[in-house]
Amino acid sequence: MKKSTVTRTDLMTVHLHDKQCLSKVEIKKIVISQNEKADYHLHPCPVMGYVVSGTLLFQIEGQSPYLIKAGETFYEPKNQPILHFDNASDSAPLIFVAYYLLEGDEDLITLLPHKNE
């Protein structure tokens with residue numbers, strides 16, 4: 001009998017504690033050009049993601065910034081301002097896949113007024 005070559009690697013587990021009732025998951029491939037930054041924002045829904053290529057500078061407001069590299073995951077909690085979601089490279093695009101965990105007709109993103117650092 002042939003041995004299976006399928007492997008499964010745990011990348012992330014997030015426990016959603018607000019007893020939400022998911023009605024839809026939207027999955028988006030997103031590209032941020034070199035040296036570009038996402039606007040200061042929050043998501044009205046939890047967002048999980050996977051960096052396909054490049055390096056992400058990630059920071060939830062009130063927490064320390066850190067780098068997330070290709071093959072790694074991130075989690076943006078519901079209604080938490082995201083201070084940095086930046087392409088950390090000056091030579092290559094950042095490509096990631098985002099999974100928006102939606103209840104009803106929530107928006108995917110809310111842009112916030114510019115924050116001075």
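Only this structure's heavy atoms are used, side chains among them; waters, hydrogens and symmetry mates stay out.
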Set of residues satisfying ring pair (Phe, Tyr, Trp, His ring centres under 6.0 Å) with respect to Y99, sequence neighbours excluded: none
Rounded at 0.5 Å granularity, tell me how far [atom1] in [X] sits from [atom2] in [Y].
X    : Y    : atom1 : atom2 : value
T110 : N79  : OG1   : CG    : 7.5 Å
L56  : I95  : CG    : CD1   : 13.0 Å
I82  : K37  : CD1   : NZ    : 15.0 Å
K28  : L108 : NZ    : CG    : 5.5 Å
L22  : L102 : CG    : CG    : 8.0 Å

Evaluate the criterion side-chain contact (heavy atoms from CB on, under 4.5 Å) for residue pair L83 and I60; output intermediate values, then yes/no. CA-CA 6 Å; L83 191 57; I60 297 171; over 6 Å; no
Can any side-chain N or O of [X] pair as donor or acceptor with the backbone N or O of [Y] at less than 3.5 Å?
X   : Y    : value
S33 : E36  : no
N35 : N87  : no
S23 : G104 : yes

Cluster question for you: counting only ILVMFWY and a side-chain heavy-atom cut-off of under 4.5 Å, with indirect links fine, are [X] and [Y] together?
X   : Y    : value
I32 : I109 : no
F58 : L111 : no
V47 : L57  : no

Listing, residues 65-77 side-chain donor-acceptor contacts under 3.5 Å, not counting sequence neighbours, or none:
unit_1: E72; atom_1: OE1; unit_2: K69; atom_2: N; d: 2.8
unit_1: T73; atom_1: OG1; unit_2: L11; atom_2: O; d: 3.3
unit_1: E76; atom_1: OE1; unit_2: H41; atom_2: NE2; d: 3.1
unit_1: E76; atom_1: OE1; unit_2: H43; atom_2: NE2; d: 3.1

Provide the closest heavy-atom pair for [X] versus [Y] in the form atom of the first, atom of the second, distance.
X    : Y   : result
S89  : S91 : OG-N, 3.0 Å
P113 : Y40 : O-CD2, 3.0 Å
L42  : Q80 : CB-O, 3.6 Å

When the aromatic ring centroids of F85 and F96 are compared, is their separation below 6.0 Å? yes
Show your working on side-chain contact (heavy atoms from CB on, under 4.5 Å) between T55 and L94 and close with a plain yes or no. CA-CA 6 Å; T55 302; L94 168 66; 5.9 Å; no
Contacts of type side chain to side chain donor-acceptor pair (under 3.5 Å), residue D86, not counting sequence neighbours: H84
Pair E106, Y100: side-chain N/O donor-acceptor within cut-off below 3.5 Å: no
